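Chain naming here is simple, since letters A, B, ... match the order of the sequence lines and numbering starts at 1 in each. What you see is a predicted model; the values in this text were computed from it and never measured.
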Amino acid sequence: MTFTTLTFLIFLPLVFAGHWTLRGSTARNLLLLAASYFFYGWWDPRFAVLMLGASLVDFAAGLALGATRRPGLRRVILLASCVCSLGLLGFFKYFGFFAENAQALAAAFGVRLSPVTLHVVLPVGISFYTFQTLSYVIDVYRGRLEPTRRLIEYLAYVSFFPQLVAGPIERAGHLLPQFASERRFDPAEAVEGLRFALWGFFKKLALADNFGALADATYGGLASASGPALALATLAFSLQIYCDFSAYSDIATGTARLFGIRLMRNFAHPYFSQSVAEFWRRWHISLSSWFADYVYVPLGGRRATLPRRAANVMATFALSGLWHGASWNFVVWGVLNGLAVLPETLGEARHKGRANATPGGEADGPRPATLLRVGATFAFTCVAWVLFRTRSLGDAGLVFAGVIRGPWDRASLAAAFSGQGLLVALAMGLLLVEWLTRRHAHPLQLAGWPRPLRWATYTLLAWVTLALAREGGGPFIYFQF
Amino acid sequence: MRGFLRDLAVFLGLQALVLAGLQGFYSRTVLGDHYLAAWRDKQARLASSPPPRLLLVGGSSLAFGVDSQTLESAARRPVVNLGLHAGLGAEFILRQGEAAARQGDLVVLTLEYPLLIPWDRGHAATLLELLAMSPDAARFVAPRVLPSLLDEGLQLIGKRPRALALWAGGALPGPGEIYARSAFDGRGDAVGHLRLGSSDGGGRHGGLPPLPEEALLETIARLNLFASRVRDRGARSAFALAPVPDDDRQRQAARLQAFVTLLRRELGMPLLEVPLSYPRSEFFDTAYHLTASGRRLRTQALAEGLRGAGLLQPVDGGR
């Protein structure tokens, strides 16, 4: 089930009503669990069976880790759990990629391997829930988390429908205690949740899908597109992916709050970052911190020597790229980002003082130097998104070559922008609103406004969202990961 | 909780008022002469025409491809052309046809080729728009279609404010001359395009999807169920393939021939011997919609096909 459907808007109030009508956390968790499996099974009931199997394996691994203190046995249990989780992910997501590359590699050495083709359907959200169960087992292994014996709570944690399909990737240490506690209805939290969700709906339906249509139209015919058209389409994709993915997180956060559950923040105005390293502290925060905790730190983290630290950063980013998709484009995208964060990561002590809680700086208007850094970071991000958006490195090369080739004359620019007035206005509006509200989690925190004005704003936003929604608007981009 | 629910109810009530206002505007400006609003007229014609009748059941290939008046003269019984839109889906069209049949009726079924896919669910947005105009059409909606209707429901609501925004910007298109309720005649034929020639040669024809034989057999089984239900109501049925441009037929000759062979072997109702394809110049704007001369050719062929199948004997009490 997708958030931006009438199905979800009927499903959600029913689950909400059921949840707060029931008494006791066990009954409520059971309802959330059933609702989450229904939500997930709406795509394909087989996906739900797969998720249940994966969850049970790691639940058992957690219990087994809790039952023994023998280091050797604990390592075996951890390894078995990792093999199961990563094996599942590898089979469903990377089988084709690895088979294809093994074949190409063998061919390079003159060995002919017969092609192995399996038509494997990628279960939606498998990368997200697999990482949640992995982190649970690793945290139990590290002794940072007591293994839970409550199966319902654990299954509800893995499958919690607001964040199941595209995150935030929650840690058991953050979410499990919330399922274990008695949740009390807080009207202010619920209202805040609805505001979060409304802003998310606007970003997805009114912005992301419209930016995406422009990007799709140009990226669908790379060979014939002019340089300005390719640049505009890349810009549109940069806005699309931000609006799309952060919208999902906003709706997830808002929906979870309706049930008294707080999810971690996943986006913090990333496009106002002043460096690529800062960008990664503000973009898909739950994934960045996951890779930091479970890949970068175990590899040695900041304690390692400088060359080793550089290698660790590159390995972490390459893996992060591969997590996004089974294609060399994503690997190169990850490596490119790794290279860009290296200077700041290696000289972290020097840059620590410049860390700023407010994206883009405290000043109301950005200073020229800040503007320059934000602009440079955004430009780099856009270049990297080309790798993310195209299907092959060859296509990415076509985009780069096309942008360089131009022609950058008035006629080509006019042709590229022709008929895009609404999109330009939406992009400018988004930029302005995000800048003005960058100290808040979302722009609809209008507590100081009189109620009629607030309600008029919500009403207007809701209907503008529906009016701008494209027929057959695409699914959330991160569903494919 | 009570305060929250009260506020939420008031807020949602406000939104319902806004929706009602938008719906009123949309009904006045868009729905009045909407193409799908012709469904009501066809149902009214169905209700007011006493059996025995000749019922044409299918999508727009019938609406844009048959001259019902000529067919009426040949059949000597009233013709009701129920063909409207393939996007309504095979199941909707078949259920509607089954329910329409009465004692003595003759039902000619023509499904556009994508509707032969057994798991076809139609086009949710089209079905939703019809349901918004004619809620009584819900009785023909198959349960398996409901999830996709729910998933697309928001898009349907979105058409209302979008129409208002277009109207405010002076960009709301007026009623069309071809795809409009007023472009149908009293028998249910689309006639708005007849004075026009072939506009773009009919475009490419998707034709018969490449389906395994088991899938086609599944579809034929459903067609046979249709025939059996029609028979149970005391009516007879026949099947006619939808028209294809000549060049498209040649492109998929083997696939189409295999399907025709399968139909001859498995279909539980007569397969009318009508030409499968016509010159591309006989098609109007899509590869299912015929021009005036193409429509004439197909109507004659249908009449001959019905005669050839022994289905056009004089009817007692017929007109």
Colleague: Are there over 12 heavy-atom neighbours, none belonging to A:R46, within less than 6.0 Å of that residue's CZ?
Modeller: no

Colleague: Check whether more than 12 heavy atoms from other residues, nucleotides or ligands sit under 6.0 Å from atom CZ of A:R23, and answer yes or no.
Modeller: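 Incorrect, the count does not exceed 12.
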
Colleague: Among A:T4, A:T2, A:T5, A:L6, exactly one meets side chain to side chain contact (heavy atoms under 4.5 Å, CB included) together with B:D151. Which residue is that?
Modeller: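 Exactly one candidate clears the test, A:T5.
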
Colleague: What closest approach, in Å, do B:Q15 and A:T459 show between heavy atoms, and which atom pair accounts for it?
Modeller: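 Shortest heavy-atom separation between B:Q15 and A:T459 comes out as NE2-OG1, 2.9 Å.
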
Colleague: Within the structure provided, determine whether A:R451 and B:D7 are in side-chain contact (heavy-atom separation under 4.5 Å).
Modeller: yes

Colleague: Going by heavy atoms in the side chains, are A:W463 and B:L22 under 4.5 Å from each other?
Modeller: yes

Colleague: Does some side-chain heavy atom of B:L150 sit less than 4.5 Å from a side-chain heavy atom of A:F11?
Modeller: no

Colleague: Please determine, among A:F8, A:W20, A:Y458, A:W42, the option with the most heavy-atom pairs under 4.5 Å with chain B.
Modeller: A:W42

Colleague: Using non-hydrogen atoms and a 4.5 Å limit, figure out which bit of A:V191 sits close to chain B: side chain, backbone, both or neither.
Modeller: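 It is both, since atoms from each part get that close.
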
Colleague: Are the side chain of A:R470 and the backbone N or O of B:Q155 linked by a donor-acceptor pair below 3.5 Å?
Modeller: no

Colleague: Looking only at heavy atoms and a cut-off of under 4.5 Å, which of A:A188, A:P187, A:A469 has the most pairs with chain B?
Modeller: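 Sorted descending by pairs with chain B, the first entry is A:A469.
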
Colleague: Could you tell me whether B:Q23 atom CD has more than 12 heavy atoms of other residues or ligands within 6.0 Å of it?
Modeller: yes

Colleague: Using a cut-off of under 4.5 Å for heavy-atom pairs, which of B:L8, B:L164, B:L14, B:L19 has the most such pairs with chain A?
Modeller: B:L19

Colleague: With under 30° as parallel and over 60° as perpendicular, where do the rings of A:F16 and B:F4 fit, or are they tilted in between?
Modeller: tilted

